[in-house]
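These numbers come from a predicted model, not from an experiment.
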Amino acid sequence: MALTKKIILKSNFGDDVAFNNAYIKVQAVFCTKSEMSINLLVHKEQNGLVVDARQYFSSLDLNGFNPIKQAYDYLKTLPEFAGATD
């Protein structure tokens with residue numbers, strides 16, 4: 001499971017670099033009874049080079065889906081991942 005979306009990042013020179021088919025994959029989820037830390041990698045494309053790494057925090061529903069599914073569902077609620085496809 002992963003998300004696909006156009007991602008624009010800043011280069012070291014301050015220029016925008018667009019990755020039209022960025023592949024956004026949850027690398028790890030670390031949980032407590034009520035919260036989770038989501039580590040994700042942004043790849044240039046599926047099976048491509050890693051161009052960014054990010055970390056997010058969210059609540060965890062112990063009665064809900066598995067934590068990885070909950071992580072993707074949470075990411076899709078964020079404005080920066082609006083319009084991302086599974």
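Between Leu75 and Glu80 the shortest side-chain heavy-atom distance does not fall below 4.5 Å. The shortest side-chain heavy-atom distance between Leu60 and Lys33 does not fall under the 4.5 Å cut-off.
In this structure, Ile38 CD1 and Gln70 CD are separated by 9.0 Å, a value rounded to the nearest 0.5 Å. Here the CD atom belonging to Gln27 is positioned 10.0 Å from the CD1 atom belonging to Ile68, to the nearest 0.5 angstrom.
Closest approach of Met36 and Cys31 over heavy atoms only: CB-SG, 4.0 Å. Listed here is the closest heavy atom pair of Met1 and Tyr72: O-OH, 2.7 Å. Across all their heavy atoms, Tyr74 and Phe57 have their closest contact at OH-O, 3.4 Å. Scanning all heavy atoms of the two residues, the minimum distance from Ile24 to Leu40 falls at CG2-CD1, 3.9 Å.
Annotation for Leu62: atom CG counts as buried by contact number, over 12 foreign heavy atoms lying within 6.0 Å. In Leu9, the CG atom is crowded: over 12 heavy atoms of neighbouring residues, nucleotides or ligands sit closer than 6.0 Å. More than 12 heavy atoms of other residues, nucleotides or ligands lie within 6.0 Å of NZ in Lys5, so this atom counts as buried by the packing criterion. Atom CG of Asn20 has more than 12 heavy atoms from other residues, nucleotides or ligands within 6.0 Å.
A donor-acceptor contact under 3.5 angstrom links the side chains of Ser37 and Gln55, judged on distance only.
Between Lys10 and Asp15, none of the side-chain N atoms (NZ, or NE/NH1/NH2) sits under 4.0 Å from a carboxylate O, so this pair counts as no salt bridge.
When the side chains of ILVMFWY residues are joined at heavy-atom separations under 4.5 Å, either directly or via intervening members, Val29 and Leu78 end up in a single hydrophobic cluster. No continuous path of ILVMFWY side-chain contacts below 4.5 Å connects Val26 to Phe30, so the two sit in separate hydrophobic clusters.
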CA sep, side-chain torsions, deciding dist, call: Glu45, Asn47, side-chain contact (heavy atoms from CB on, under 4.5 Å): CA-CA 6 Å; Glu45 58 196 12; Asn47 300 319; over 6 Å; no
With side-chain contact (heavy atoms from CB on, under 4.5 Å) as the test, would you mind laying out the steps for Leu41 and Asp52 before giving the verdict? CA-CA 6 Å; Leu41 297 177; Asp52 198 15; over 6 Å; no
Leu3/Lys25 under side-chain contact (heavy atoms from CB on, under 4.5 Å): CA gap, chis, key distance, verdict: CA-CA 7 Å; Leu3 302 176; Lys25 185 174 180 180; over 6 Å; no
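A donor-acceptor contact shorter than 3.5 Å is absent between the side chain of His43 and the backbone of Tyr23.
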